[in-house]
Number of protein chains: 2
Amino acid sequence: MAEIRPLIAARGAMATQDCNACPIRHRAVCARCEGAELDRLASMKSYRSWAAGETVALEGDMLPFVGTVLSGCATLTRSLEDGRVQMVGLLMPSDFVGRPGRATAPYEVTAATDITLCLFDRQRFEALLTDAPQVASRLLEMSLDELDAARDWMLLLGRKTARERVATLLALVLRRAAVDARPLRAQLPLGREAMASYLGLTIETVSRQITALKRDGVIRLEGGGRTILCDDLAALLIEAGDDGDGEMPG
Amino acid sequence: MAEIRPLIAARGAMATQDCNACPIRHRAVCARCEGAELDRLASMKSYRSWAAGETVALEGDMLPFVGTVLSGCATLTRSLEDGRVQMVGLLMPSDFVGRPGRATAPYEVTAATDITLCLFDRQRFEALLTDAPQVASRLLEMSLDELDAARDWMLLLGRKTARERVATLLALVLRRAAVDARPLRAQLPLGREAMASYLGLTIETVSRQITALKRDGVIRLEGGGRTILCDDLAALLIEAGDDGDGEMPG
DNA sequence: GTCCCGCATTGACATGGATCAATCGTCACC
DNA sequence: GGTGACGATTGATCCATGTCAATGCGGGAC
């Protein structure tokens, strides 16, 4: 997913930077920090990378850190005992990972692409939280945004048809990827399986709905189905069933 | 819903109390406040009640306040243009209402029972937030709990069968209502329509699944289907499809 | 270039839940 | 006690999506 957010630096370059130079400060938890807090953040952080497909944390794992996504894309999933899986969040660069105040991960975290995180020791971060209001209020704001996004997704999962779900996701990806280009074009960051998991559908249904949207002239495909083009975003948003201003759950 | 949480005082008594005496401080946003913050909170608050069925705020409404539920029970819903509705949260006493940092309501808020809220002027509350870390961190904690709950519900909406969904909700209500009594007994706070809205199902399906669970001896009904009894919570939790430790989205 | 291998697509069929419609209970009111 | 209204239940049927299975396609290794 890094490729559709060109602002984000490649991960090799990242490992030597500190919070002051963080290219994602505009959204990340340190966005409002000043001298002293930045120094504290910088003193407790480290970097770590995972390859696409690797597990960052299993449900119930001890998580000694919290952190921020620097590059790449990770998924949060919850599953039932018989193997049914639902994606409950998609982490993009600048998104926050982990849960201050809780030692174990409530869902499985998996690297969807190669990914690098900027990690903070959880307990030291919690201490910072209690006496740096900017950090706490910034994190609160991010959490509330995620809550809104999760609730939008509940509407999709509870009430939308398969075609509407697929159209919603494609519109979301297109709007993130390219606000300017015409026609809109985006490489799908997720394979069909991850899309199905996100949308509460099966792979086959996702595939059929994409084919149907293509047949009906709403989208076009390129590069073996991994790149989508759209000439008329308004038409795609109508297919999505609402005005389409929903945000992606983080 | 107030009747199943006997800790909560009746609303008539509430209107003259201040934050110090708030009977729901153990969970509410003021739970960690001390002298100065409590005084500030008390100075900006007011009380207001709505009757069951009344609308507290429509999607997109200006909301000049944030607040806390004192008594009663409210629902948060999102809807599609053609009328399909999904409940995205259920507010119980001590739950937080509204969104610091945003002027308009992102979902419709409706009183499910008679309800009383303790309201704070939004802008003054935001100011408090920036310089009272206890308030910000308490609110963060509550928001993260709601986020976890919303994500649990995404698993239900995306992957559970109708029977599992109904069993999950009934187990949730039973565990909130009565931890001690045997057999477990609870008055349903929600009618069939609200249950269906919460579960992403239709009224008819909810009704059929309740009938089926009764037929199979997992639950019993009383009082015209508004009170449920359960002799074996473990059996109900198995029907719910997971270990059942999910929380209710707030 | 060819052979795999993993992912995506397509097809045939089964089914869970929605839809449409009728009936039933319960409670409030007269 | 009778009546109306509203929510809940039950029944019959339909259809969207899941399931199972086969085929297609593109990219990397050699």
Side-chain angles (χ1 to χ4, degrees), chain A residues 51-53 75 80 82-86 112-113 156-170 173 187-216 219-228 239 241, chain B residues 51-53 75 80 82-86 112-113 156-170 173 187-216 219-228 239 241:
Chain A
T75 64
L80 296 171
D82 63 4
R84 284 173 283 174
V85 178
Q86 176 66 43
T113 64
L156 175 144
L157 292 172
R159 299 297 168 188
K160 283 192 178 178
T161 65
R163 170 181 266 242
E164 289 167 340
R165 295 183 200 201
V166 170
T168 303
L169 181 55
L170 294 182
V173 169
Q187 258 220 10
L188 287 172
L190 268 25
R192 295 292 185 272
E193 182 165 1
M195 290 177 67
S197 169
Y198 207 9
L199 296 172
L201 299 170
T202 59
I203 292 180
E204 294 94 327
T205 299
V206 170
S207 183
R208 275 186 254 269
Q209 297 304 331
I210 289 179
T211 304
L213 288 169
K214 182 176 63 173
R215 167 175 44 71
D216 298 343
I219 57 166
R220 288 179 287 141
L221 295 184
E222 257 182 19
R226 300 289 283 185
T227 300
I228 51 169
E239 296 292 346
Chain B
T75 64
L80 297 171
D82 63 3
R84 282 172 286 175
V85 177
Q86 176 65 43
T113 65
L156 176 143
L157 292 172
R159 300 297 169 189
K160 283 191 178 179
T161 65
R163 170 182 266 241
E164 287 168 340
R165 297 183 198 201
V166 170
T168 303
L169 180 55
L170 295 181
V173 170
Q187 259 221 8
L188 287 172
L190 268 23
R192 296 290 185 272
E193 182 165 2
M195 290 177 67
S197 170
Y198 207 8
L199 297 172
L201 298 171
T202 60
I203 292 179
E204 295 94 325
T205 299
V206 171
S207 182
R208 273 186 255 269
Q209 297 305 329
I210 288 179
T211 303
L213 287 169
K214 183 176 61 174
R215 166 174 44 73
D216 297 343
I219 57 166
R220 288 178 289 142
L221 295 185
E222 256 182 21
R226 300 288 283 185
T227 299
I228 51 170
E239 295 292 348

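The shown structure was predicted, so the numbers you read here are calculated from the model rather than taken from an experiment.
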Check: [X] side chain, [Y] main-chain N or O, donor-acceptor pair, under 3.5 Å:
X	Y	result
B:Gln86	B:Tyr198	yes
A:Ser197	A:Glu193	no
A:Arg165	A:Lys160	yes

Item to check | Candidate pair A:Leu170 and A:Leu188, rule side-chain contact (heavy atoms from CB on, under 4.5 Å), full reasoning | outcome: CA-CA 8 Å; A:Leu170 294 182; A:Leu188 287 172; 3.9 Å; yes
Identify the two heavy atoms, one from [X] and one from [Y], that lie closest to each other, and give their separation to 0.1 Å.
X	Y	result
A:Gln187	A:Val173	O-CG1, 4.4 Å
A:Val85	B:Arg159	O-NE, 2.8 Å
B:Ala52	B:Ala112	CB-O, 3.8 Å
B:Gln209	B:Val166	CB-CG2, 3.8 Å
B:Ala162	B:Thr205	CB-CG2, 3.6 Å
B:Arg226	B:Leu190	NH1-O, 4.0 Å

Checklist entry - Under the salt bridge (charged side-chain N to carboxylate O under 4.0 Å, His left out) test, which residues partner A:Arg163, sequence neighbours left out? => result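 For A:Arg163, the residues satisfying salt bridge (charged side-chain N to carboxylate O under 4.0 Å, His left out) (neighbours in sequence not counted) are A:Asp216, A:Glu239.
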Item to check | Sequence-distant partners of A:Arg220, salt bridge (charged side-chain N to carboxylate O under 4.0 Å, His left out), two or more places apart | outcome: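 With neighbours one apart ignored, the set is A:Asp231.
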Next on the checklist: Is there a side-chain contact between A:Val206 and A:Leu169 in this structure, where contact means two heavy atoms from C-beta onward sitting under 4.5 Å apart?
Outcome noted: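 In short, these two side chains do not touch, never coming nearer than 4.5 Å.
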Item to check | Closest-nucleotide 5' rank along DNA chain D - winner of B:Leu221 and A:Arg163 | outcome: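 This one resolves to B:Leu221.
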Next on the checklist: To the nearest 10°, give me the bend of the helix from C:dG1-D:dC30 to C:dC30-D:dG1, comparing the axes of its five terminal pairs at either end.
Outcome noted: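 Comparing the first five pairs with the last five, the axes sit 40° apart.
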Item to check | Contact residues, residues 203-210 of chain A to DNA chain D [heavy atom, < 4.0 Å] | outcome: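 DNA chain D contact set from residues 203-210 of chain A: A:Glu204, A:Thr205, A:Arg208.
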Checklist entry - What are the bounds, 5' to 3', of the part of DNA chain C that sits under 4.0 Å from heavy atoms of chain A? => result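 Taking any atom under 4.0 Å from a heavy atom of chain A, the span is C:dA8 to C:dA12.
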Checklist entry - Which two nucleotides bound the region of DNA chain D that has atoms under 4.0 Å from heavy atoms of chain A, read 5' to 3'? => result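 Both ends considered, the range comes out as D:dT17 to D:dC20.
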Checklist entry - Base, sugar-phosphate, or nothing for A:Arg226, non-hydrogen atoms under 4.0 angstrom? => result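 Touches sugar-phosphate only.
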